[in-house]
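Data block below; observations after.
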Amino acid sequence: MNSPGATPARPGVIIAHHGVAVEVLFSTGARNMVRVKRRSGHVVGDNVLVRGEVLEQLPRRTELRRRDAMGGLHLVGANLDVLGVVVAPAPLPPAGFIDRAIVAARAANLRPFLVVNKSDLAAASVFVAELRATYPDTVAIFPLSAAGGDGLDPLRKFLGEGHRGAFVGISGVGKSSLLNALCPAIDLRVGTLNEHNGRGCNTTTVSTLHSLSCGGELVDTPGFQDFGLVDIAVPELAAHFPGFEQTRDTTCRFRDCRHRTEPGCAVINSVALGQLPANRYATYLAILDEVEASEAESRCRGWKN
Ligand code: GDP
Ligand code: ZN
């Protein structure tokens, strides 16, 4: 509450997180560092009110989380609109990677899209054709070369439509190259593993929010390579799996249908009718097995504790 003479609240957005301090871009255009407690839960993209040295976080529209290799949970960014899943013909994404990323994005209320980098490689056109066949209409696909610059304009236009986004992809697909190409001011080192840089050292910037000259904003989070399986629950997978868009919602007999063996299942029905490719459904079942196994495992851990 503002009493007469109290420090006025200045609205802003967190554009960089340095562990013990965050950088705030105020609506006036000014930037300031504000000290925060370690693990205070703030993240780039957060809208805040700053009174003196005190930072108040405003409610989030969306929040995107990931797990690291050690199982630790991290916030990637707040108030994001879109998630770019970056893949390349080399190194190829592991089985199920794209689908898990799409499900995680949709579950967090972000619109997923695919960036197919390294379009200059010989294997690229077949790879792009396969992806277009697997994800027809439902997910936008941007084939491009971050290194050569080909195909970047459609992505710039898309991001420029006021989107705030982030990229996820395995190491080596060209995420740093892509960020460098889209916002040259960022100047990331290419070909180095970033997971290391993201933690430990005192002054390291954990993540940053960049405004693009074409419009739109990108969050750069070192080490954002995958979502742990644990972050996807069965209902999210069943609701958001790419390919199930036509048969979603209330069309299965059971509202919590896992689309495995349930009677009156619209997904099973559309496979039988040839409307949903059998290999798409097989991929779903494989990921469902993994998610169920990991849920069972964490239940076991819960009992033991
Ligand atoms: P990251 O690990 O996802 O950040 O990937 P990097 O940006 O570090 O790139 C990994 C490797 O891919 C580097 O050797 C880059 O030079 C290379 N690379 C990036 N973009 C392209 C591209 O468009 N075409 C080709 N052929 N190589 C690329
Ligand atoms: Zn079903």
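One-based numbering along the sequence shown. Only heavy atoms go into these numbers, but all of them, side chains included; no hydrogens, no water, no symmetry mates. Computed from a predicted model, the values in this text were never measured in an experiment. All ligand and atom numbering here is 1-based and tracks the order in the structure.
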Ligand 1 versus N117: contacting region, heavy-atom distance under 4.0 Å: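 For N117, the contact with ligand 1 is made by the side chain alone.
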Residue part near ligand 1, for L121, under 4.0 Å between non-hydrogen atoms: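 The answer is the side chain.
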Shortest non-hydrogen contact between P112 and I102, atoms and distance: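 Nearest heavy atoms, P112 then I102: CG-CG2, 3.8 Å.
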Proximal atoms of ligand 1 relative to S171 (non-hydrogen, under 4.0 Å):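 It comes down to these atoms of ligand 1: 2 (O).
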Ligand 1 atoms in contact with S177 (distance to a heavy atom under 4.0 Å):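 Checking each atom against S177, I get 6 (P), 7 (O), 9 (O), 19 (C), 20 (N).
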E292 (side chain) donor-acceptor with D289 (main chain) under 3.5 angstrom: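 Looks like no, no N/O pair under 3.5 Å.
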Whether D46 side chain and A78 backbone form a donor-acceptor pair below 3.5 Å: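 Side chain of D46 to backbone of A78, a donor-acceptor pair under 3.5 Å: no, none is there.
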Salt bridge or not for [X] and [Y], using N-O below 4.0 Å?
X	Y	answer
E161	R156	no
R35	E53	no
D137	R132	no

ND1 (H259) - the Zn ion (ligand 2) - SG (C265) angle, nearest 10°: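 Roughly 110°, rounded to 10°.
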Option with minimal heavy-atom separation from atom 24 (N) of ligand 1, where the choices are V116, D150, D120: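 Among V116, D150, D120, the closest heavy atom to atom 24 (N) of ligand 1 comes from D120.
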Residue selection (non-hydrogen contact nearest atom 21 (C) of ligand 1) among A147, G174, G148: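 It is A147 that holds the nearest heavy atom.
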Test log, rule salt bridge (charged side-chain N to carboxylate O under 4.0 Å, His left out), inputs D220 and K175: CA-CA 9 Å; D220 169 36; K175 295 178 301 299; over 6 Å; no
N or O contact, S119 vs ligand 1, cut-off under 3.5 Å: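 N/O-N/O distance under 3.5 Å: no.
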G172 N/O under 3.5 Å from ligand 1 N/O: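 Yes: some nitrogen or oxygen of G172 is under 3.5 Å from one in ligand 1.
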